[in-house]
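Take a look at the structure below.
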Amino acid sequence: MAPERRTAVVEEIRPLNPRVREIELRLEKAPFPYESGQWVAVYLPVGPQPPKVRAYSLATPATGDGRITLSFNRGNRPDSATDYLFDLEPGDKLEISGPNGGFTLPPEREHDFLFVARFTGIVPIRCMILDLFSRPFTRDVVLIYGAQSPEDLVYGEEFEALAGKYPNFRYFPCVQIPSAGWKGEVGSEAACLERTIRSPEGRLAYLCGLRALVTPAEEALQRIGFPAEQIRRERYD
Ligand SMILES: Cc1cc2nc3c(=O)[nH]c(=O)nc-3n(C[C@H](O)[C@H](O)[C@H](O)COP(=O)(O)OP(=O)(O)OC[C@H]3O[C@@H](n4cnc5c(N)ncnc54)[C@H](O)[C@@H]3O)c2cc1C
């Protein structure tokens, strides 16, 4: 059976940097319950055989009022589906379906967590981290968030603030090309992971982004001794 499509109206657009933006949508039929880490299918009226259907993760925990936030980067090809999203304006409408996916927090929150993401792979992980710290949570949480350059760590300031507020949230920004005065990690997220995490004991690992991030990060986890059941992954390609 085809999934039920729902209409969403663009309420607000927030550029996070020249290549990444957030859109806040209001579903015409509320509520829209979902779990942090899930994604929606977006039906884009583009391409030779529209719609082009693309997945976008929900960037903020469910509010219960039918509002959702998506966050995405501009494509690197002329016919990229995301260019359509970039050209939307407040009041425009989109068709979506969902929520979908099992890249979510466990029902019982009795683990330490390791989150590893690159660039817009951060979106579902940001949602889960905001969810975890929306109520008292005392277990250790490590975030390794990588990008080409510091400007592409679009939620970096938010994570710095969280790390300042919660001693059990440890944030490791990681870039390929550091700017002058950069104080974070340089190099691959997988190498940072191996320097930071010594044991799989009591910890669940979540990886999200393109294959180029997920595969080496998963191999690093295996070298540390993480069994498959302690690794969750969401791949964008
Ligand atoms: C479960 C899931 C959740 C996703 N959530 C998000 C999200 O929250 N934000 C987001 O920006 N994208 C997300 N994506 C990727 C998104 O669905 C599209 O693939 C992406 O926007 C590129 O679409 P496109 O039509 O421009 O290019 P496509 O023709 O779909 O893809 C061309 C190539 O672009 C690469 N690609 C895929 N995603 C990206 C990306 N984000 N940046 C650069 N290259 C990419 C792949 O190698 C792919 O083969 C998600 C994908 C999946 C499967």
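Remember, it's 1-based here, ligands and their atoms both numbered in the order they're listed. By convention here, the first residue in the shown sequence is residue 1.
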Practice task
Indicate whether the side chain of Y56 and that of S71 have a donor and an acceptor atom separated by less than 3.5 Å.
Solution key: no
Practice task
Could you tell me whether the side chains of E160 and Y155 share a donor-acceptor contact shorter than 3.5 Å?
Solution key: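 No.
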Handout entry: Heavy atoms of other groups near E108 CD, more than 12 under 6.0 Å
Key =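 Yes, the 6.0 Å shell around CD holds more than 12 heavy atoms from other groups.
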Problem - Note, R170 side chain near V142 side chain (heavy atom, < 4.5 Å) - result: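 Yes, side chains in contact.
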Exercise for the section: Taking the side chain as every heavy atom from C-beta outward, state whether L27 and T7 have any atom pair closer than 4.5 Å. Expected result: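 L27 does not reach T7 side chain to side chain.
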For [X], the ligand 1 atoms whose distance to one of its heavy atoms is below 4.0 Å:
X	value
L210	36 (N), 37 (C), 38 (N), 39 (C), 45 (C)
T82	21 (O), 26 (O)
A81	24 (P), 25 (O), 26 (O)
D237	46 (C), 47 (O)
V123	8 (O)

Best match, [options]: closest heavy atom to [atom]:
atom	options	value
atom 26 (O) of ligand 1	S80, A55, G75, A59	S80
atom 20 (C) of ligand 1	Y56, F72, Y236	Y56
atom 53 (C) of ligand 1	R21, E234, R235	R235

Problem - Partners passing side-chain contact (heavy atoms from CB on, under 4.5 Å) against Q230 (at least two apart in sequence or in another chain) - result: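 Partners of Q230 under the side-chain contact (heavy atoms from CB on, under 4.5 Å) test: P200, L204, F226, P227.
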Practice task
Indicate yes or no: does an N/O atom of S71 lie under 3.5 Å from an N/O atom of ligand 1?
Solution key: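 Yes, there is a polar N/O contact under 3.5 Å.
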Problem - Qualifying ring-ring contact (aromatic ring centres under 6.0 Å, His included) pairs with a residue from residues 163-184, counting only residues at least two apart or across chains - result: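 Residue pairs with at least one partner in residues 163-184: F133-Y166, F133-F169, F159-Y171.
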Practice task
Tell me, please: is R211 in heavy-atom contact with ligand 1, that is, under 4.0 Å?
Solution key: no
Practice task
Would you please determine whether G101 falls within less than 4.0 Å of ligand 1 on a heavy-atom basis?
Solution key: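 No.
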Exercise for the section: Give the intermediate values and the outcome of ring pair (Phe, Tyr, Trp, His ring centres under 6.0 Å) for residues Y84 and F86. Expected result: CA-CA 5 Å; Y84 179 84; F86 254 79; over 10 Å; no
